[in-house]
Structures are given as structure tokens and as C-alpha cells.
Amino acid sequence: MNDAREIQGLKGVSTWSAFCATLRRDLIIALKRRNDLLNPIMFFLIVVSLFPLGISPDPVELSSVSAGVVWVSALLASMLSLDNLYRADYEDGSLEQLLLSPQPLYFLVLAKNIAHWLISGLPVVILSPLLAYMLYLPSEAYWTMVLTLLIGTPVLSLFGSIGVALTVGLGSRGLILAVIVLPLSTPVLIIGAKAVTDVMFGLPVSSHFALLGAILALALTMAPLASAAALRISVN
Amino acid sequence: MWLWFAKLGSPRWFYELSDKWLPWLYVSMLILMSVGLFWALLIVPEDYQQGQTIRIMYIHVPVASISLACFPLMAVAGTITLVWKMKLADMVAQSVAPIGAWFTGLALATGAIWGDQIWGTWWAWDARLTSLLIQFFLFIGVIALRSAIDSPDAAAKACAVLAIVGAINVPIIKYSVEWWNTLHQPASNFSIDPVAPNPPEVWVPLLVMISAVYVFFAIALILRTRNEILQRERRSQWVIDLVTREKNV
Amino acid sequence: MFEFQFSSLSEFLQMGGVYTFHIWAVYLLFAVFISYNLLQPRMVRRHFLLEQKRRAARDEELSSKTKTQN
């Protein structure tokens, strides 16, 4: 009797408030685990600072590769933090609860992806001008870089979510995740990095932004569907 | 009742049907391949720009064009697996992945060899080669995912999802790579359009080679799918009968 | 249209001389590719049939043993 009322109560929860609750829950958990929050940013910082050590400290050489370096590092940082997306929820069983909830899974997955982006993508975007400065990115390209990262990193989270959802039940998933997700992320990397490079040469970049926006729109509509389907398969 | 029948019956039905197809496919492949190779190696005239190396095109273009068809095929098979839960579709999807990786790998290798005299370097970040390379990675991802998941049912569905996502992404990757690399000229000025600058003595043998390689692709796919059927249905009576009937192995 | 491009076998094998290696490497790779993809399924099938035959023989042996014991 009580259970029935409970289920009735859950059905009464609107999709929007379920969306907000999922988002808030993920953000609170992330804020409580400071390490998980800091790791992607530190990783981003370390990877970017490896490039001058590996290539050359020469400003001319560094500024010519700076756009690509920042973008590739952002991609890798997003990859690294993906594992947090469903892993803990899978292990403590709350992912199953999420799948059982009467609200459309699409929106719950979307909420989790947005939370992931706020935790791991946004700090990278905010930190990127500092790193761009260290790599001698020409000043006229700063805004383009920040904007492309702002549009591009959500796509990385959304695509990455599909890969994590497919591999969440597996024991050794680190490398498989990279092999699945990285090829899917290439269009964003190509367009984002090229926009920054083109601005450095004084070329117009509005078409780059249009393409990135189109990819983001496609990812927002399609990727959570694929993630939801993948989660249902993985959790069973 | 009918659904049950179709589910259990279809791999066997395919196996027995392919028994009848295979000889015809072998014969047509043999004919097409010998005509095509003979024509491509001995009769096609030297190209005024590329000289004798135009003969590389008769391998590279068919292989590359079929490697592009593999991902959509895998996605279609994956969709059928997800929607109708047809066992045979997943067996086909599982067999396409390694063949697609092979085709893409060969297209990359022959493209590199061809590139050595078109561009003077074994590897160029040319749009076609680059998107083939990324497609190769995608195939490796599907194969890796399949081998990582223990439950065959979950592996089938997971690979189906990945194949569909990948197939949606392949054109985006191709387009963005081409756009990234607009400075390069197209790798081959090949077209089967009859009004194209290429004369028929160049494109007719190419068509023969493309159909030969297509038939070869069908044979390779059927052979692998048949093995997959036997492996998965090894406990059913018809496979046990087939094993006992098979005298000389 | 249907004329042989080479007048002798050695000329054919040389393929114009400049890119001999490239052309024959491509055709060699193609031959390897075709033969591997036709032979590999055959090997797998052979292996499968042998395995199943062995298993069937073993099962039969086991069941006959239990019969004699009973």
C-alpha cells in the first residue's frame, strides 16, 4: 500500500523537477569530493605544460601550436573525468533507480551530462586563457579560443557520456573508453582548433562557429538518447 | 508461434541458403577478378600524368569504396538487432567489423603507396586518408567493445548502439576533415560519370574491379557469418547433425 | 582500346621501371588480403568442426562408460 503511494508520488514529480533534482544532486556530490573536482583541472594544466618541455620554449614555435595544444589537452581532460559520470552511481545502485524512475531517461541523462560539464568542462574553459598566455597565443585569438571551448566542451561531455554508458559495467574500461570516444570527438577538435588558428591568421571564423553550434545542437538532441539506450543495456 | 519460428529458424535458413549461393559467388568472383586484374595490369593505357602507377588505382579505389560501405552496413544490422532482436543481424554485424577494419587498413596502405608518388611522401594528412584513418579507429573501437563485454546479448546491443552512433558520425568526420583540409587537391579525379574526363578504357576496368571486390566482400562476410552461426548454434540439433555429416575436415 | 601495353614479360614485370616496387607492392598486399580473408574463415570452420567432433566422441565415450558401470 505504502509502495503504491510512493510510486504514485514519484509519478507526480514533473520531468522538469526531476531534471533539476538530478542536476543538483550531481553537483552537490561533486562539490563534496574536492579531488574529483580538481583532478581534471590539474591534469589539463600539467598536460599543457608538458608541450613546451617536449617541443621547444621558443615563443614563435609555441604560438603556432598553442591552439591545438589547448584543444587536445581539453579533450584529454574531459576524457579523464568521464569515468566519474556513471561509475559511482553504478556501484552504489543509484543508477538502477535512475533507470526505474518514471520520468524520461533522456532528461535525467542530460542533467547528469550538464552537471559533468559544469564540473569538468567549465573550469577548463575558465582556465584556458592563462594557459594560452603561457603558450604565447596571440591576444586577438583569446576570445575565439574561449568561445570555441565553451561550445565544444559540452559536446565532448555528451559524446563521452555514450562511451561511459557503454562501458560502465566493464572491469577494465579505461583504454576501451578512449578508443571509443576519441575518434567520435575528432570533428569538434578539428573545427575548434582551426577556428583559433584561423583567427590568428586574420581569417573570418563565423562559419566555424556555425558548424560547432550545429554539432552541439545535434549532440544535445541525439547523444542523451544514445546514452540512455546504452545505460539500459549496460545495467540490464 | 511464428515469431518463435522465425527467431530459431533464420540463422539456419541463412546457413542453408548460403550453401547454395557460395559456389556461384566463387565462380563470379573468379571470373570478375581475373578479367579485372588482366585488364588493369596489361591493357589499361599509361596515364599521361601518373604513368604506370594508374594501375594502383584499380586496387585502391574498389577497396576504399567498399570500406566506406561497411560502417553503414554495420549500423543497419545494429538497428535490426535493436528493433527486431534478430540473431542473424547481430552475427552479420559482428562479422562486418573485422572485415571493415581489414578493408580500411588495406585502403590506407595502398593509399600510402599511391601517395608516395602523387605527393612524394608515404603519409600526407590528406582528407581522404585522414578520414579513413579515423574510420579505422572506429572499427577498432567496435571490435574492442565486443571483446570486452562478456554477455553476448549485451555485447550485441552495445555494439549496435556504437555502430549507429559511429555511422551518424562518419559523415560528420568526413565533412569536417575535408573542410579542415581544403588546400589539398582531391586525391583522384576518378568518376564513373560517363561525361567525366576519364575515357572508358580507364573506368570500365575499374567498374569490373569494383564489382569483383564487392563479390569478394560478400563471400568474406558470408564465410565469417556462417562460422558465427555454427559457433552460437553449436548446441542445436541441426549443427550437431552437420558436424557428424562432415566427414573430411 | 584492347591493346597490350607490354611487349615482353620482363617489361611487364618492370612496370615502366620507375615505380615497379610501388605497383607490385599494392598487388601483393591485395593478394595477401584476399587469401587471408578467404582462408581464415576456413581455418576457423575446420577448427570448430574438429572441436565439436572431439567433444561428441568424448561425450559418447563417457556415456558408454557409465552404462557399463551400471
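Just so it is clear, the structure is predicted and the values come from calculations on it, not from any experiment. Lettering of chains follows the sequences in order, A, B, ..., and the numbering in each one begins at 1. What's counted below: heavy atoms across the whole structure, side chains too, no hydrogens, waters or symmetry copies.
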Inset, instruction - Can you tell which part of B/Ile168 gets under 4.5 Å to a heavy atom of chain A, answering side chain, backbone, both or neither? - result: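 Side chain only.
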In Å, rounded to the nearest 0.5 Å, how long is the span from [atom1] of [X] to [atom2] of [Y]?
X        : Y        : atom1 : atom2 : answer
A/Leu184 : B/Leu162 : CG    : CG    : 6.5 Å
B/Trp179 : A/Leu211 : CH2   : CG    : 5.5 Å
A/Thr197 : B/Trp180 : OG1   : CH2   : 11.0 Å
A/Ile190 : B/Glu178 : CD1   : CD    : 10.5 Å

Legend entry - Heavy-atom pairs under 4.5 Å with chain B, option from A/Ile180, A/Ile215, A/Val181, A/Leu175 with the top count: A/Ile180
Inset, instruction - Mind ranking A/Leu170, A/Leu182, A/Val188, A/Leu177 by heavy-atom pairs under 4.5 Å with chain B and telling me who comes out on top? - result: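 Among A/Leu170, A/Leu182, A/Val188, A/Leu177, the one with the most close pairs to chain B is A/Leu170.
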Legend entry - Heavy-atom side-chain proximity of A/Thr186 to B/Thr130 below 4.5 angstrom: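 Heavy-atom side-chain distance check fails, nothing below 4.5 Å.
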Inset, instruction - Residue by residue, scan residues 159-167 of chain A and write down, ordered by number, those that have a heavy-atom distance under 4.5 Å to chain B; if none do, write 'none'. - result: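 Expected list: A/Phe159, A/Ile162, A/Leu166, A/Thr167.
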Check the surroundings of atom [atom1] in [X]: do more than 12 heavy atoms from other residues, nucleotides or ligands lie under 6.0 Å from it?
X        : atom1 : answer
B/Trp122 : CH2   : yes
B/Asp150 : CG    : no
A/Tyr142 : OH    : yes
A/Glu96  : CD    : no

Inset, instruction - Using a cut-off of under 4.5 Å on heavy-atom pairs, state which of B/Gly166, B/Ala144, B/Ala158, B/Cys159 scores highest against chain A. - result: B/Ala158
Legend entry - Contact winner vs chain A - B/Leu82, B/Ile140, B/Leu138, B/Asn169, heavy-atom pairs under 4.5 Å: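 The candidate making the most pairs under 4.5 Å is B/Asn169.
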Legend entry - Least distance between heavy atoms, A/Ala226 atom then B/Val161 atom: O-CG1, 4.1 Å
Inset, instruction - Taking all heavy atoms of A/Pro183 and all of B/Ile134, pick out the closest pair and write down the distance. - result: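 That closest heavy-atom pairing would be O-CG2, 3.9 Å.
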